[in-house]
Amino acid sequence: MSGDPLFAGGVDWVVVAFVVVKALIGFTIVMVGVIFMIWFERKVIADMQNRIGPNRAGRWGLAQTLADGIKLIFKEDLWPDKADKPVFRLAPYLSVAPAFLTFTIVPIGGVFSGGNDGAVELFGRRTWLQVADPPVGVLFLLAMSSIAVYGIMLAGWSSGSKYPLLGSVRASAQMVSYEAALGLSVVAVVLLSGSLSTHDIVAAQAGSILDWNVIATAGVPFAIFCVAATAELNRPPFDLVEAEQELVGGFHTEYSSIRFGMFYLAEFMNTITMSAIIVTLFLGGPAGPVLFGPPLIWGILWFTLKVLVFLFTFVWLRATLPRYRYDQLMDLGWKRLIPLALGWLLVIGAQRIGLDRGWDRFVTGAASLVVLTLAAVALFGAIRVAERRRQSDQFGEVVA
Amino acid sequence: MGYFDGFLVTLKQIFSDRVTSEYPKEKRPKPLRHHGRHVLNRYEDGMEKCIGCELCAGVCPARCIYVRGADNPPEAPVSPGERWGFVYEINYLRCIHCDLCVEACPTEAITESKLFEFSFTNREDAIYTRSELLVGDDGKPKKLPWEDWRGGDDDHTSAWMRATSPNGQAAYEGRVQWSGELGYGVRAPEAGQSGDPELAPPTDVEATAKGPLYAGSDTAPGERASDHRHVEAS
Ligand code: SF4
Ligand code: SF4
């Protein structure tokens with residue numbers, strides 16, 4: 001497949017205008033989304049805790065986020081004496097920019113079924129409903145989530161204070177560990193779609209619900225991606241980065257005013273973006289039944305609904321689960337998610353090769369599952385033995 | 001589904017009742033014996049009950065009452081006794097609402113309402129004077145601009161009703177021993193601490209206790225019964 005049809009006839013000023021307007025609209029969508037999401041999170045978590053939640057600013061407290069934002073802008077901007085000022089100022093932007101940039105590769109609408117390529121016709125030009133479609137889309141996603149680590153790392157380091165430093169060390173370790181699981185689970189999707197472009201990934205899922213990657217990959221990469229994404233977002237139950245009881249506020253302890261606001265913004269932007277990415281990669285993006293009227297509207301509607309389900313789930317997780325301990329977090333990442341993602345990748349790989357060679361898919365599937373189980377038994381056995389040995393090294397002979 | 005039970009718990013809470021209330025908009029009913037802002041009571045002929053004996057000032061642990069007694073002017077006496085309290089001030093920046101002044105008063109002149117939501121903004125307003133504390137001709141407390149009297153806070157202000165029997169004798173439990181001379185502010189006596197049915201009060205305490213207490217509040221009777229254990233006990 002080729003790129004965005006907008007660029008097919010060369011680049012003139014209309015195309016430039018198109019791109020600028022699309023970027024602005026994308027930015028607006030994310031900002032409005034963040035304002036809504038903060039309100040939504042506070043309301044839902046209040047409901048789950050039998051409270052009322054924000055209700056003073058605007059109807060149902062809808063303007064609460066706006067009020068908080070305005071308040072933050074007018075607060076005094078403090079920085080610690082020992083702070084490394086240029087880096088201290090740069091860090092919040094490094095946090096916000098990747099969050100928005102990731103959103104640019106998400107197709108938020110368009111008709112992909114029935115041979116359509118998801119383009120819409122506007123002012124005589126055909127274009128896709130996404131700000132950008134780099135051919136390396138998925139790699140771009142991973143790159144951006146890595147850059148987001150810099151924002152947090154530099155913020156903690158440049159604060160010149162102990163809690164932020166500890167928080168950011170945790171953050172970088174956590175995000176780097178889970179990026180591996182995140183990337184490996186995406187590879188399964190890429191194997192199926194045969195492309196790194198998010199547009200092509202969505203197009204490949206356009207048929208029935210059975211074509212959605214969550215079903216086509218039998219759910220496991222989806223589950224791994226969701227867990228790893230939650231850890232990437234530093235959201236509960238993986239919010240060790242800003243564990244209030246231990247680290248005050250984590251990496252943003254020393255931040256105040258709108259600089260703090262930007263970290264906050266980035267956090268919620270990331271939540272929205274990650275939900276959108278999950279929907280794009282695994283749930284067919286805007287795919288869904290068209291009941292009546294123009295299919296374009298339905299695409300955007302289905303996309304929004306799916307994203308909302310994930311936003312709600314993130315809040316639900318926060319209301320329900322206690323925080324992980326640091327070693328549990330690392331165990332889950334390195335000893336469970338990464339081996340599982342790797343193993344499942346091999347199963348899917350075997351299926352693809354089997355398809356090419358004309359092998360029976362059930363035999364291939366069963367054989368690879370057996371191998372996977374054996375490997376899992378061997379791996380977890382090895383991990384157990386290693387743990388035992390370490391314990392007996394430390395504490396003498398362990399009974400039972 | 002061991003791991004996932006917790007999710008059901010949080011989800012269910014969305015549909016259950018809220019435990020918080022929208023406070024400034026609606027008030028929760030207060031316990032019957034809540035100690036709030038004081039009132040100075042009067043007899044039915046308008047005479048003040050306070051005789052300026054300064055017992056309340058003497059007993060006050062926070063030293064926040066200032067009373068000066070004076071002889072009653074013979075042609076226009078203010079109180080039925082020999083003397084009257086011509087200066088009476090309570091400093092609410094210091095009062096701890098212990099109610100000792102109420103118990104010390106020999107004439108039931110000073111009692112407490114249930115109001116604690118009075119947010120004055122300067123020291124002068126914090127010191128309540130005699131004219132501010134005195135009840136009106138109908139026996140109701142004066143309502144100052146910075147006081148929030150909703151939710152039946154001005155019920156049951158009259159006389160001593162902190163104990164089941166003013167003189168402490170079990171034989172008088174449950175009998176009306178106090179006077180609502182102005183016909184306002186008295187509630188039915190409570191059942192005795194002894195729990196002896198012989199000594200039970202003549203009136204239907206439960207109904208009375210629920211009636212005027214909750215009148216004017218947004219919460220239905222019995223909704224927060226745990227706040228008012230005597231309602232069930234009696
Ligand atoms: S309630 Fe206690 S502190 Fe307040 S005036 Fe009476 S005796 Fe003093
Ligand atoms: S209020 Fe009661 S105790 Fe205080 S001075 Fe007056 S009569 Fe005496």
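The figures here come from the full heavy-atom set of this structure, side chains too, leaving out hydrogens, waters and symmetry mates. Just so it is clear: chains get the letters A, B, ... in the order the sequence lines come, proteins before strands, and each one is counted from 1.
Within the 4.5 angstrom heavy-atom criterion, atoms from both the backbone and the side chain of A:Leu317 approach chain B.
To the nearest 0.5 angstrom, B:Ile14 atom CD1 is 4.0 Å from A:Met48 atom CE.
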Short donor-acceptor contacts under 3.5 Å linking chain A with chain B:
from	atom 1	to	atom 2	distance (Å)
A:Asp47	OD1	B:Arg18	NH2	2.8
A:Asn50	O	B:Val19	N	3.0
A:Asn50	OD1	B:Ser16	OG	3.0
A:Asn50	ND2	B:Gln13	OE1	3.3
A:Arg51	O	B:Arg18	NE	2.8
A:Asn55	ND2	B:Glu22	OE1	3.2
A:Trp316	NE1	B:Phe7	O	3.0
A:Trp316	NE1	B:Thr10	OG1	3.1
A:Thr320	OG1	B:Thr10	OG1	2.7

